[in-house]
Amino acid sequence: MPSPNRLLRPFFNRSTLIVARELLGQRLVRLDKGGARLSGLIVEIEAYIGTDDLGCHARVGRTPRNDSMWGPPGHTYVYFTYGMHWMLNFVTERSGYPAATLIRSLVPLEGLETMRQRRAGRPENTLTNGPAKLCQSLAIDRSLDGCDLCHPGSPLFIEALSQLEDDYVMTGPRVGLETVPEPWRSIPWRFRVHPNHIDILVDKADQ
DNA sequence: AGCACGATTAACT
DNA sequence: GTTAATCGTGCTC
């Protein structure tokens, strides 16, 4: 059953910075085993753009690991790091150009019981407030690498809500790039929903 | 074949 | 604030 407001290919086939900015406040939906809906609002996201970006995995060229990032927009790029964590990205821009957005944090909306089970023993406020934590709660791993967000019936997609006003968007340097040379280390390609606006956003999404 | 390291997290002082 | 966990990946020999 196609979702009425699912974001489609043209949305992702644009400048990565625009896509990242506009994904803030949108609802990420994961159809779990059995079809149960797990979802959350995207409140933190980062952009990784091309082979010149020394913070981007594509800096080493096309490899089996980062292959999805070079493919068509609107697909996932899911990778494994630190020997234990999965990370979720959405591929942007034209096919052949490697760029993606890293989903760093969600506010959980649906399926919290399942998320709690997968994050057993951890505090309630740590279900999806980190790139590896949200992948654990949503059961995202290698099997979802290359998944087409725009394909009807896909187990992962974005439901469009209203666009966030600029007043509620914060930008800054990307996280975890301390060893990356400037300007890439400090370039403000991290986007967040202002903390004071998150409750309002959740209330609107609940309507 | 061997090596150094990572778009992180949790547990520690 | 510091550090261990843990292994796939890409690089060098």
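Order of the sequence lines sets the chain letters (A, B, ...), proteins ahead of strands, with each chain counted from 1.
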Of the nucleotides [options], which has the atom closest to the [X] side chain?
{"X": "A:P131", "options": "C:dC11, C:dT9, B:dT9", "value": "B:dT9"}
{"X": "A:A132", "options": "C:dG10, C:dT9, B:dT8", "value": "B:dT8"}
{"X": "A:K133", "options": "C:dT9, B:dT9, C:dG10", "value": "B:dT9"}
{"X": "A:R119", "options": "B:dA7, C:dG10, B:dA10", "value": "B:dA10"}

Strictly under 6.0 Å, is that where the ring centroids of A:Y79 and A:H57 end up?
-> yes
Test side-chain hydrogen bond (donor to acceptor under 3.5 Å, both in side chains) on A:R27 and A:S39 and set out the steps.
-> CA-CA 7 Å; A:R27 185 197 297 250; A:S39 75; 3.3 Å; yes
Measure from [atom1] on [X] to [atom2] on [N] and round the result to the nearest Å.
{"X": "A:D67", "N": "C:dG8", "atom1": "CG", "atom2": "P", "value": "19 Å"}
{"X": "A:R59", "N": "C:dC11", "atom1": "CZ", "atom2": "C1'", "value": "12 Å"}
{"X": "A:E46", "N": "B:dT8", "atom1": "CD", "atom2": "C1'", "value": "12 Å"}
{"X": "A:D141", "N": "C:dC7", "atom1": "CG", "atom2": "P", "value": "15 Å"}
{"X": "A:E178", "N": "C:dG1", "atom1": "CD", "atom2": "P", "value": "12 Å"}
{"X": "A:L177", "N": "B:dC5", "atom1": "CG", "atom2": "C1'", "value": "14 Å"}
{"X": "A:N66", "N": "B:dG6", "atom1": "CG", "atom2": "P", "value": "16 Å"}
{"X": "A:E44", "N": "B:dT8", "atom1": "CD", "atom2": "P", "value": "10 Å"}

Which ones in residues 80-102 of chain A lie close to DNA chain C, meaning a heavy atom under 4.0 Å from one of its atoms?
-> A:F80, A:Y82, A:G83, A:M84
May I ask you to say what A:G55 touches in the nucleic acid, namely base, sugar-phosphate or nothing, with a heavy-atom cut-off under 4.0 Å?
->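 Here A:G55 touches the bases of the nucleic acid.
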When all nucleic acid strands are considered with a 4.0 Å heavy-atom cut-off, which category describes A:R190: base, sugar-phosphate, or nothing?
->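 It contacts nothing in the nucleic acid.
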Got more than 12 heavy atoms from elsewhere within 6.0 Å of NE2, A:H151?
->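 No, the 6.0 Å shell around NE2 holds no more than 12 heavy atoms from other groups.
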Can A:D53 and A:R59 be said to form a salt bridge (charged side-chain N to carboxylate O under 4.0 Å, His left out), step by step?
-> CA-CA 6 Å; A:D53 175 5; A:R59 69 187 179 277; over 6 Å; no
Could you let me know what C:dT6 is paired to, Watson-Crick or G-U wobble, both distances under 3.5 Å, or none if it's on its own?
-> none
Go ahead and name the base partner of B:dA7; Watson-Crick or wobble counts if both distances stay under 3.5 Å, otherwise write none.
->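 Pairing partner: none.
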For residues A:V60 and A:N66, determine if any side-chain heavy atom of one lies less than 4.5 Å from a side-chain heavy atom of the other.
->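 A side-chain contact under 4.5 Å exists here.
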Spell out, as yes or no, whether a donor-acceptor pair under 3.5 Å connects the side chain of A:Q26 to the backbone of A:L161.
-> yes
Is the backbone of A:L106 close enough, under 3.5 Å, to the side chain of A:E44 for a donor and an acceptor to pair up by distance?
-> no
Between [N] and [X], is there an OP1 or OP2 to side-chain N/O distance shorter than 4.0 Å?
{"X": "A:R65", "N": "C:dC7", "result": "no"}
{"X": "A:R104", "N": "B:dT8", "result": "yes"}
{"X": "A:T126", "N": "B:dT9", "result": "no"}
{"X": "A:R185", "N": "B:dA7", "result": "no"}

So, are A:D199 and A:K204 salt-bridged, with charged N and O less than 4.0 Å apart?
->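 No salt bridge links A:D199 with A:K204.
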